[in-house]
Amino acid sequence: MELQEFEGAATIEKIAALCRRRAFVFPSSDIYGGLGSSFDFGHYGVLLNDNVKNEWRRSLIQEREDVVALDSAIILNPQVWVASGHVDTFSDPLVDCRTCKLRFRADKLEDAHCGRRPSKKPGEFSECDLTPPRAFNLMFETHVGALADDASRAYLRPETAQGIFVNFKNVISSMRVKPPFGIAQIGKSFRNEITPGNFLFRMREFEQMEMEFFVPPGDAAEWHTYWIEQRLDWHLRLGLRPSHVRVRAHAGEELSHYSTATSDIEYLYPIGWQELEGIANRGDYDLQQHIAASGTKLEWVGQDERYVPHVIEPAISVVRSVLAFLCDAYDEEVVADRPRTVLRLHPRLAPVKAAVLPLIGKDTAMVEKARALYEELRRSMSAEYDDAAAIGKRYRRQDEIGTPWALTIDEQTLADGTVTLRDRDTLEQERVPLEGTTRLLADRLTAS
Ligand code: ATP
């Protein structure tokens with residue numbers, strides 16, 4: 001039977017509290033009371049986000065020969081969004097409750113709570129008075145230039161994908177690519193979501209990691225299956241528990257306007273099964289729309305073939321990925337009668353790989369050795385030095401930010417040149433030679 005409840009100690013509230021306490025994520029504009037579902041990333045959040053993005057780039061660009069990178073603008077010519085269908089159809093069905101004045105997504109009423117009776121869903125309480133659904137466009141509008149009129153209206157991009165489609169010609173004429181090939185991009189997207197919430201899960205401003213993979217039309221279904229498997233494997237390799245991940249194919253009525261088939265990789269967040277990543281077969285919809293609207297030929301011309309490629313798109317946001325990794329990694333346990341909270345993040349994702357700790361922070365000889373080791377380590381990996389507070393407290397701080405290894409310099413180090421290497425997960429401590437520690441950890445990181 002499929003798991004229906006999240007297995008583990010995490011709740012969204014606990015994750016949000018840890019993220020704030022340990023400088024991963026702060027509520028945005030905090031001193032002004034915040035701004036709904038807007039967050040700022042602190043030191044460890046920036047490092048964690050970067051590690052997730054780097055792993056995505058590594059698997060799609062560095063370790064492959066058939067995918068190239070792109071970084072397109074956030075504000076595009078507004079014609080792009082007319083052609084793509086976003087101006088007309090990128091909307092969610094909105095319902096208002098005339099009684100409690102709250103707004104809900106008509107297709108997500110199941111997950112919402114009535115303003116008057118939170119134990120009920122909107123529409124279930126006798127006083128609920130819901131309007132019929134109406135389409136609400138999710139794009140943020142802005143104006144380019146000094147005049148705020150219709151002619152200057154532009155949009156903050158709601159997805160990075162269109163920036164890729166409109167660069168199709170630039171890429172095929174400047175890079176040595178030939179279908180099947182992909183263009184991958186990471187960048188901010190903006191959606192004026194009706195009901196954002198659940199911490200990082202649904203935000204109005206978020207970074208997307210999207211790849212458009214262009215293939216001969218007859219091969220699209222096969223590549224769709226291929227990319228679902230590849231992306232599933234990526235999540236599992238980086239540590240998500242298989243019991244918390246599943247693939248769900250969209251039913252016909254659920255498909256977006258551009259899609260001929262979509263499968264979601266879903267994660268069992270503490271709030272239930274939710275979309276983590278979407279993998280869509282977009283057919284030739286987007287290229288054809290841009291061909292018709294711009295008059296530019298967007299096609300592949302080979303020696304004896306000419307066609308408009310079909311497109312497979314894996315799309316995920318950094319925050320949904322980070323939230324899944326955090327939920328999966330979060331653990332609470334009691335060790336030697338003391339509670340500890342630990343993030344069992346994959347070493348490649350951990351914001352800090354190693355902490356160097358002199359056992360006695362006031363011992364000049366220990367501090368000197370520890371500083372020297374730290375300075376050597378940080379040249380090859382993200383490392384931290386800490387000599388404040390009792391050693392147990394320093395370990396717990398590193399556990400909470402997910403640091404896989406701690407190196408402690410103690411009396412014995414001064415005597416025989418070995419250090420204690422503490423493993424975050426097993427809590428095992430081994431003595432290793434100080435000399436060669438950097439190489440040892442670099443090897444473990446590569447092998448992880
Ligand atoms: P949903 O149904 O949850 O609104 P969607 O199907 O509209 O999502 P897509 O357009 O497929 O989402 O976006 C691709 C990916 O971008 C999603 O799988 C998700 O990882 C991420 N994403 C979409 N909207 C948000 C958001 N508001 N906040 C954070 N991430 C998002």
Side-chain angles (χ1 to χ4, degrees), residues 12 25 28 35-39 41 45 49 52-53 56 81 84-86 89-94 104-112 135-140 156-165 184-212 224 227-228 231-232 234-235 240 245-251 253-267 269 271-282 285-286 311-327:
I12 295 289
V25 184
S28 181
L35 174 70
S37 283
S38 220
F39 294 96
F41 291 91
N49 284 350
V52 168
K53 288 187 270 187
W56 188 83
W81 304 110
S84 68
H86 283 79
T89 58
F90 191 62
S91 52
D92 278 339
L94 168 80
F104 306 100
R105 252 175 82 165
D107 58 336
K108 299 267 180 196
L109 289 180
E110 277 301 304
D111 304 333
F136 174 77
N137 196 296
L138 302 183
M139 284 199 293
F140 279 100
L156 303 189
R157 67 177 174 202
E159 62 175 30
T160 60
Q162 298 305 322
I164 297 179
F165 295 123
Q185 156 154 247
I186 299 180
K188 279 261 164 112
S189 291
F190 303 83
R191 296 182 186 182
N192 197 1
E193 300 277 5
I194 298 168
T195 45
N198 285 314
F199 190 40
L200 303 177
F201 183 79
R202 192 179 297 285
M203 294 166 63
R204 294 199 168 101
E205 175 187 335
F206 53 96
E207 256 181 315
Q208 279 191 310
M209 306 191 282
E210 295 194 299
M211 196 235 334
E212 308 305 318
H224 190 216
W227 280 111
I228 294 168
R231 294 300 305 144
L232 186 60
W234 184 86
H235 296 287
L240 292 189
V245 183
R246 72 179 184 194
V247 176
R248 188 182 66 82
H250 280 207
E253 71 278 2
E254 230 184 314
L255 290 173
S256 313
H257 63 275
Y258 52 75
S259 174
T260 47
T262 295
S263 285
D264 289 343
I265 296 180
E266 295 190 328
Y267 177 74
Y269 291 91
I271 50 170
W273 286 104
Q274 298 285 344
E275 173 176 343
L276 168 63
E277 169 156 13
I279 298 141
N281 178 349
R282 296 179 79 124
Y285 175 84
D286 303 271
V311 178
I312 308 303
E313 174 199 77
I316 180 170
S317 65
V318 176
V319 276
R320 272 200 203 171
S321 182
V322 161
L323 185 60
F325 286 128
L326 286 173
C327 292

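First listed ligand is number 1; within each ligand, the first listed atom is number 1.
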Practice prompt. Go through the structure and list residues passing salt bridge (Lys or Arg N to Asp or Glu O under 4.0 Å) with Glu159, not counting sequence neighbours.
Written response: Arg282

Item to complete: With sequence neighbours excluded, tell me which residues meet side chain to side chain contact (heavy atoms under 4.5 Å, CB included) with Lys188.
Response: Ile74, Phe190, Glu205, Glu207

Fill in: By side chain to side chain contact (heavy atoms under 4.5 Å, CB included) - contacts of Asn198 (at least two apart)
Phe201, Ile271

Item to complete: Specify whether His235 and Phe325 have parallel, tilted or perpendicular ring planes, treating 30° as the upper limit for parallel and 60° as the lower limit for perpendicular.
Response: tilted

Response to the item:
The reported gap from OG in Ser321 to OH in Tyr267 (rounded to nearest 0.5 angstrom) is 10.5 Å

Worksheet item: Atom NE2 of His250 and atom CD of Glu275: how far apart are they, to the nearest 0.5 Å?
Response: 5.5 Å

Worksheet item: Which protein residues have a heavy atom closer than 4.0 Å to any atom of ligand 1, listed by chain and number?
Response: Arg105, Arg191, Glu193, Phe201, Arg202, Met203, Phe206, Gln208, Glu275, Leu276, Glu277, Gly278, Ala315, Ile316, Ser317, Val319, Arg320

